[in-house]
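The block underneath contains the structure these notes are about, expressed in structure tokens.
Residue numbers begin at 1 in each chain, while the letters A, B, ... track the order of the sequences. This structure is a prediction, so every number in the text was calculated from the model and none was measured.
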Amino acid sequence: MTSADGVHAHERPSLNGTNSTTSIHGTNALDVLLIRVEHELYAIPSSSVREVARYRTITPVPGAPRSLPGIISQRGTILAVVDLRLTLDLGLADVTRASRLVIVSHQEIDMALLVDAVLDLASIPGDQIELVPAALDPARARFLSGIVQIDGEPMALLDLGELINSLREWS
Amino acid sequence: MIVLISTATRRYAIRRDDLTSMQVVATDQDLASLSTAERPAIPIDLGALLDPADRSAPGRKHGLVVPLRRRPIVFLVERVEQSIEQATIRPLPTLISGCLRDIWAIGVLDFDDQLIILLDLRAVARSSMAQRPVATR
């Protein structure tokens with residue numbers, strides 16, 4: 001995975017460049033990219049992340065839903081941009097210097113996720129992934145596959161498959 | 001042939017074959033010249049139709065005339081930029097093409113390091129006509 005200049009993400013010593021590692025406890029671990037959307041923290045499986053790019057102008061497509069603000073060209077490939085703020089119903093906001101486009105590939109679909117910031121990489125022991133709380137708003141919970149605690153902060157694991165399914169429901 | 005056009009804030013590509021003519025529309029007489037007694041032309045600000053924030057100021061425009069069976073539609077744009085004889089049009093990502101409210105965007109052109117959306121202007125014209133009150137069609 002490459003990252004944009006100035007991104008403060010860095011690999012932790014426990015990461016060895018593979019998609020999945022084994023923790024000292026012997027359980028399978030999940031490598032993730034940590035992002036911020038609004039004031040909430042989310043984790044994306046690193047196995048799906050191709051690249052992190054600085055924000056740049058997005059070309060709008062007439063008639064597309066608000067959660068798909070347009071397209072970009074990334075190394076010659078045209079990608080749909082998914083605004084995670086709007087998808088997660090967190091409201092519209094201006095992009096900032098910290099805004100990033102996280103290029104992901106899942107189920108043979110490539111797309112760019114617009115996020116407010118990319119924070120770090122982390123490795124999560126499999127036995128530390130908790131279920132999504134039942135009390136969470138179902139509209140939000142459908143996009144999550146679990147909750148993890150990293151440095152005392154709760155983070156939600158994004159379910160990219162469900163994200164793609166929700167976008168396909170428009171058609 | 002592909003024609004590049006600009007609205008107040010955007011650039012789009014269209015197919016020349018979708019039009020009967022392109023001409024300057026600076027006065028009401030220019031617009032009237034595109035009409036007949038039985039089939040008065042309907043002027044539409046193309047930029048504002050595609051994005052309400054893309055609204056141009058009054059003044060001299062270029063008119064793109066799309067013939068419909070009932071009446072001609074005249075899409076008003078800031079200017080016609082250039083024609084491209086051989087253009088490579090790429091499909092939109094399926095994630096976005098499957099979500100479009102109307103199938104107005106049918107491809108994308110990578111030109112001058114900029115992505116430009118290719119419009120099906122006949123489809124835009126048909127939708128615009130269908131959305132008008134019956135008495136004004």
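- In this structure the side chain of Ile71(A) reaches within 4.5 angstrom of the side chain of Ile117(B), judged on heavy atoms.
- Taking chain B as the reference chain and counting heavy-atom pairs below 4.5 Å, the highest number among Ile78(A), Ile164(A), Val81(A), Val82(A) is found for Ile78(A).
- Among Pro91(B), Pro93(B), Ala105(B), the residue making the largest number of heavy-atom pairs under 4.5 Å with chain A is Pro93(B).
- Following chains of ILVMFWY side-chain contacts shorter than 4.5 Å, one cannot reach Ile44(A) starting from Leu79(A), and the two form parts of different hydrophobic clusters.
- No chain of hydrophobic side-chain contacts below 4.5 Å, direct or via other Ile, Leu, Val, Met, Phe, Trp or Tyr residues, connects Leu31(B) to Val66(B).
- Separating the CD1 atom in Ile58(A) from the CG atom in Leu115(B) is a distance of 11.0 Å, to the nearest 0.5 Å.
- One distance of note links OG1 of Thr59(A) with CZ of Arg11(B); it measures 10.5 Å at 0.5 Å rounding.
- Tracing side-chain contacts under 4.5 Å through hydrophobic residues (I, L, V, M, F, W, Y), one reaches Tyr12(B) starting from Leu118(B); they form part of the same cluster.
- Of the candidates Asp102(B), Asp51(B), Leu119(B), Leu119(B) is the only one forming a side chain to side chain contact (heavy atoms under 4.5 Å, CB included) with Pro62(A).
- Residue Asp113(B) does not touch chain A at all, counting heavy-atom pairs closer than 4.5 Å.
- By the 6.0 Å contact criterion, CD on Glu108(A) is open, its count of non-hydrogen atoms from other residues, nucleotides or ligands being 12 or less.
- More than 12 heavy atoms of other residues, nucleotides or ligands sit less than 6.0 Å from atom CZ of Arg56(A).
- Neither the backbone nor the side chain of Ser97(B) has a heavy atom closer than 4.5 Å to any heavy atom of chain A.
- At most 12 non-hydrogen atoms from other residues, nucleotides or ligands lie less than 6.0 angstrom from CZ of Arg101(B).
- The local environment of CG in Asp137(A) is crowded, with over 12 non-hydrogen atoms from other residues, nucleotides or ligands closer than 6.0 Å.
- With a 4.5 angstrom heavy-atom cutoff, Thr77(A) touches chain B only via backbone atoms.
- Looking only at heavy-atom pairs under 4.5 Å with chain A, the residue among Leu95(B), Leu92(B), Leu50(B), Leu49(B) that has the most is Leu95(B).
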